[in-house]
Peer 1: 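Input: one structure, supplied below.
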Amino acid sequence: MRLSGATVLLTGGSSGIGAATARMLAAAGARILLAGRNAARLQAVAAETGGIALVADLAVPDGPAKLAEAAIRAAAWDCGGCEAAAAGNGIDILINNAGVGWAGPLTEMSAATVAQVIAVNLTAPIELTRLLTPTLGAGGRGRVVFISSIAGTTGVTHEAVYAATKAGLGCFAESLWYELAGTDVGVSVVVPGAVDTPFFARRGHPYGRTRPVPVSAQRVARAVLIAIERDQAMTFVPRWFGFPAWLHGAAPGTFRALAARFG
Ligand SMILES: NC(=O)c1ccc[n+]([C@@H]2O[C@H](COP(=O)([O-])OP(=O)(O)OC[C@H]3O[C@@H](n4cnc5c(N)ncnc54)[C@H](OP(=O)(O)O)[C@@H]3O)[C@@H](O)[C@H]2O)c1
């Protein structure tokens with residue numbers, strides 16, 4: 001799929017992986033609709049990338065629907081002669097990137113925080129995809145991208161709810177991949193390990209391991225662009241994370257023994 005001239009709705013565009021992805025998409029000639037809560041940070045990334053900022057809270061019940069409406073309006077209104085106009089003034093690519101973490105023993109997690117993590121990481125991507133898939137890539141190719149996590153593939157101690165949301169997202173995407181096979185809309189899942197972004201500071205629990213060393217947000221952004229351009233169904237960042245994911249599926253007992261031994 002060509003990125004030049006494509007219109008992209010990118011959630012979580014105000015920080016970390018999202019901001020890095022926005023910069024790379026802009027350099028590739030895409031037109032970006034950036035979503036996030038923090039208006040000032042969102043405007044700064046929008047100004048830098050020539051994108052349109054859409055302030056939206058994905059944790060509230062009508063947040064995803066309001067964002068979908070605003071994005072459809074923005075894509076139709078400000079096409080300015082771009083190639084997307086010829087393709088139908090619509091959104092071509094939806095990147096479900098916004099996410100929040102929480103770490104600690106499950107019994108110390110409040111019900112409100114459980115609801116927030118599920119709403120942002122799982123309900124919002126499902127809702128945005130449900131609402132926008134019929135409009136994606138009108139007249140051309142469309143794509144939905146999900147930013148998952150290695151936590152959702154293997155499980156991680158003290159991140160049970162976060163891991164569950166990412167596992168749910170992966171299974172949702174896999175099912176959608178089957179459902180949309182043979183249509184003009186493709187599905188990609190990008191599975192990062194640890195990434196050097198404000199994510200850990202925001203969840204109030206720093207990244208405490210020495211290994212694996214967190215990769216840069218730019219590296220994940222590059223993987224997102226490649227997944228779109230090459231129609232990749234699933235990609236791990238770094239690529240070697242595909243091995244623990246495979247081992248967990250193929251030999252869960254061995255994986256658990258190794259995880260207990262090495263952390
Ligand atoms: N960093 C890692 O190690 C890592 C590893 C694997 C997967 N991931 C995943 O990568 C994605 C991006 O994370 P990141 O590392 O770039 O973290 P980040 O720098 O904290 O960015 C998170 C983004 O999500 C947005 N967001 C959070 N809550 C929101 C809400 N209620 N409504 C709307 N937007 C909301 C934030 O926007 P505002 O601040 O403007 O609200 C921000 O733009 C997440 O899905 C995360 O789970 C991260």
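In listed order, ligands and their atoms are each counted from 1. Because the structure is predicted, anything quoted here is derived from the model rather than measured.
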Peer 1: Decide yes or no for Leu67 and Leu128: does some side-chain heavy atom of the first lie under 4.5 Å from some side-chain heavy atom of the second?
Peer 2: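 Side-chain contact under 4.5 Å: yes.
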Peer 1: Mind checking whether Arg37 contacts ligand 1 via backbone (N, CA, C, O), side chain (CB onward), both or neither, at a 4.0 Å heavy-atom cut-off?
Peer 2: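 For Arg37, the contact with ligand 1 is made by both the backbone and the side chain.
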Peer 1: Evaluate the ring planes of Phe146 and Phe172, with Trp represented by its six-membered ring, and classify them as parallel (under 30°), tilted (30 to 60°) or perpendicular (over 60°).
Peer 2: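 Ring orientation, 0 to 90° scale: perpendicular.
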Peer 1: Would you say Phe200 has any N or O atom under 3.5 Å from an N or O of ligand 1, going by distance alone?
Peer 2: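 No; every N/O pair is 3.5 Å or more apart.
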Peer 1: Is a donor from one side chain sitting under 3.5 angstrom from an acceptor on the other, for Arg37 and Ser14?
Peer 2: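 Not at all, the side chains of Arg37 and Ser14 share no donor-acceptor pair under 3.5 Å.
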Peer 1: If you count the atoms of ligand 1 from 1 in the order shown, which ones are under 4.0 Å from a heavy atom of Pro198?
Peer 2: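 Selected atoms, number and element: 19 (O).
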Peer 1: So, regarding Ser149 and ligand 1 (criterion: nitrogen or oxygen to nitrogen or oxygen, under 3.5 Å), is there a contact or not?
Peer 2: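 Ser149 vs ligand 1: no N/O contact under 3.5 Å.
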Peer 1: Atoms of ligand 1 less than 4.0 Å from Leu58 heavy atoms?
Peer 2: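 Near Leu58, meaning under 4.0 Å from one of its heavy atoms, ligand 1 has 30 (C), 31 (N), 32 (N), 33 (C).
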Peer 1: Side chains of Arg130 and Pro64: closer than 4.5 Å at any heavy-atom pair?
Peer 2: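 Heavy-atom side-chain distance check fails, nothing below 4.5 Å.
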Peer 1: Does Tyr162 come within less than 4.0 angstrom of ligand 1, counting non-hydrogen atoms of the residue?
Peer 2: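 Contact check Tyr162 vs ligand 1: positive.
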Peer 1: State the atoms of ligand 1, each with its element, that fall below the 4.0 Å cut-off from a heavy-atom position in Arg41.
Peer 2: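 With Arg41 as reference, the close atoms of ligand 1 come out as 39 (O).
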Peer 1: Given the rule in the ring pair (Phe, Tyr, Trp, His ring centres under 6.0 Å) test, do Phe243 and Trp246 qualify, once you have shown the distances and angles that lead to the verdict?
Peer 2: CA-CA 5 Å; Phe243 177 70; Trp246 170 82; 5.8 Å; yes
Peer 1: Below 4.0 angstrom from a heavy atom of Ala59, which ligand 1 atoms are there? Numbered from 1 as shown, please.
Peer 2: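 Counting from 1, the qualifying ligand atoms are 31 (N).
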Peer 1: At less than 4.0 angstrom from any non-hydrogen atom of Ala194, what atoms of ligand 1 do you find?
Peer 2: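 This gives 3 (O) as the contact atoms.
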Peer 1: Could you check which of Ala221, Ala22, Ser15, Gly12 puts a non-hydrogen atom nearest to atom 18 (P) of ligand 1?
Peer 2: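 Closest candidate by heavy-atom distance is Ser15.
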Peer 1: Enumerate the atoms of ligand 1 whose separation from the nearest heavy atom of Ala56 is less than 4.0 angstrom.
Peer 2: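 Those of ligand 1 that fall under 4.0 Å from Ala56 are 32 (N), 33 (C).
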Peer 1: Check whether any side-chain heavy atom of Leu136 sits under 4.5 Å from a side-chain heavy atom of Ile93, and report yes or no.
Peer 2: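 A side-chain contact under 4.5 Å is absent here.
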Peer 1: Does the N or O separation between Val100 and ligand 1 drop below 3.5 Å for any pair?
Peer 2: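 Looking only at distances, the answer is no, because the N/O contact criterion of under 3.5 Å is not met.
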Peer 1: Applying the side chain to side chain donor-acceptor pair (under 3.5 Å) test to Ser188, which of Gln232, Arg230, Arg143 qualifies?
Peer 2: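 Per the side chain to side chain donor-acceptor pair (under 3.5 Å) rule, the option paired with Ser188 is Arg143, out of Gln232, Arg230, Arg143.
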Peer 1: Should you measure from each heavy atom of Gly16, which atoms of ligand 1 turn up under 4.0 Å away?
Peer 2: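 Contacts of ligand 1 toward Gly16, numbered from 1: 16 (O), 19 (O).
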Peer 1: Backbone or side chain, does any N or O of Ile17 fall under 3.5 Å from an N or O of ligand 1?
Peer 2: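 Checking ligand 1 against Ile17, an N or O pair does fall under 3.5 Å apart.
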Peer 1: Atom CG of Leu33 and atom CD1 of Ile95: how far apart are they, to the nearest 0.5 Å?
Peer 2: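 Between Leu33 CG and Ile95 CD1, I get 11.0 Å after rounding to 0.5 Å.
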Peer 1: Identify whether the distance between the nearest side-chain nitrogen and carboxylate oxygen of Glu159 and Arg203 falls below 4.0 Å.
Peer 2: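 A salt bridge is present here (some side-chain N lies under 4.0 Å from a carboxylate O).
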Peer 1: Any nitrogen or oxygen of Pro192, main chain or side chain, under 3.5 Å from a nitrogen or oxygen of ligand 1?
Peer 2: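 The answer is no, given that Pro192 and ligand 1 share no N or O pair closer than 3.5 Å.
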Peer 1: Which residue from Phe241, Tyr207, Phe199 reaches closest to atom 17 (O) of ligand 1 through any of its heavy atoms?
Peer 2: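 The nearest heavy atom belongs to Phe199.
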Peer 1: For atom 26 (N) of ligand 1, tell me which residue out of Ser148, Ala98, Ala35, Gly18 has the closest non-hydrogen atom.
Peer 2: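 Comparing heavy atoms across Ser148, Ala98, Ala35, Gly18, the nearest one to atom 26 (N) of ligand 1 lies in Ala98.
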Peer 1: To which protein heavy atom is atom 15 (O) of ligand 1 closest, and what is the distance rounded to 0.1 Å?
Peer 2: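 Result: Thr197 OG1, 2.6 Å.
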Peer 1: Within the 4.5 Å heavy-atom criterion, are Ile52 and Arg31 side-chain neighbours or not?
Peer 2: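 Result yes, sub-4.5 Å side-chain heavy-atom pair found.
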Peer 1: Should Leu58 and Leu10 be regarded as members of a common hydrophobic cluster, given that ILVMFWY residues are connected when their side-chain heavy atoms come within less than 4.5 Å of each other, either directly or indirectly?
Peer 2: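 No, it is not one cluster - the side chains of Leu58 and Leu10 are not joined through contacts under 4.5 Å.
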Peer 1: Below 4.0 Å from ligand 1: does a non-hydrogen atom of Gln116 turn up there or not?
Peer 2: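 False for this residue.
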Peer 1: Does a side-chain heavy-atom distance below 4.5 Å link Pro192 with Phe241?
Peer 2: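 No, side chains not in contact.
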Peer 1: Hey, are Asn97 and Thr21 close enough side-chain-wise for a donor-acceptor pair under 3.5 Å?
Peer 2: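 Absent: no donor and acceptor within the cut-off.
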Peer 1: I'd like to check Val144 versus Leu132 (side-chain heavy atoms, cut-off strictly below 4.5 Å). Are they in contact?
Peer 2: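 No; the side chains remain at least 4.5 Å from each other.
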Peer 1: Go through ligand 1 atom by atom and flag the ones less than 4.0 Å from a non-hydrogen atom of Gly99.
Peer 2: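 Heavy-atom distances to Gly99 below 4.0 Å select 22 (C), 24 (O), 27 (C), 44 (C), 45 (O).
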Peer 1: Before accepting this row, confirm whether a basic side-chain N of the pair Lys66/Glu69 lies closer than 4.0 Å to the acidic partner's carboxylate O.
Peer 2: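 Salt bridge: no.
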Peer 1: Heavy-atom distance to atom 6 (C) of ligand 1: which of Ala151, Gly193, Pro125 wins?
Peer 2: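 Checking each option, the heavy atom nearest atom 6 (C) of ligand 1 is found in Gly193.
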Peer 1: Is Ala124 touching ligand 1 with its side chain, its backbone, both, or neither, if touching means heavy atoms under 4.0 Å apart?
Peer 2: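 Under 4.0 Å from ligand 1, Ala124 contributes no heavy atoms.
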Peer 1: Under a heavy-atom criterion of less than 4.0 Å, does Ala39 contact ligand 1?
Peer 2: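 Ala39: no contact with ligand 1 (<4.0 Å).
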Peer 1: Any non-hydrogen atom of Gly63 lying under 4.0 Å from ligand 1?
Peer 2: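 Gly63: no contact with ligand 1 (<4.0 Å).
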Peer 1: For atom 45 (O) of ligand 1, state which one of Leu42, Asn97, Leu67, Ile147 supplies the nearest heavy atom.
Peer 2: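 The nearest heavy atom belongs to Asn97.
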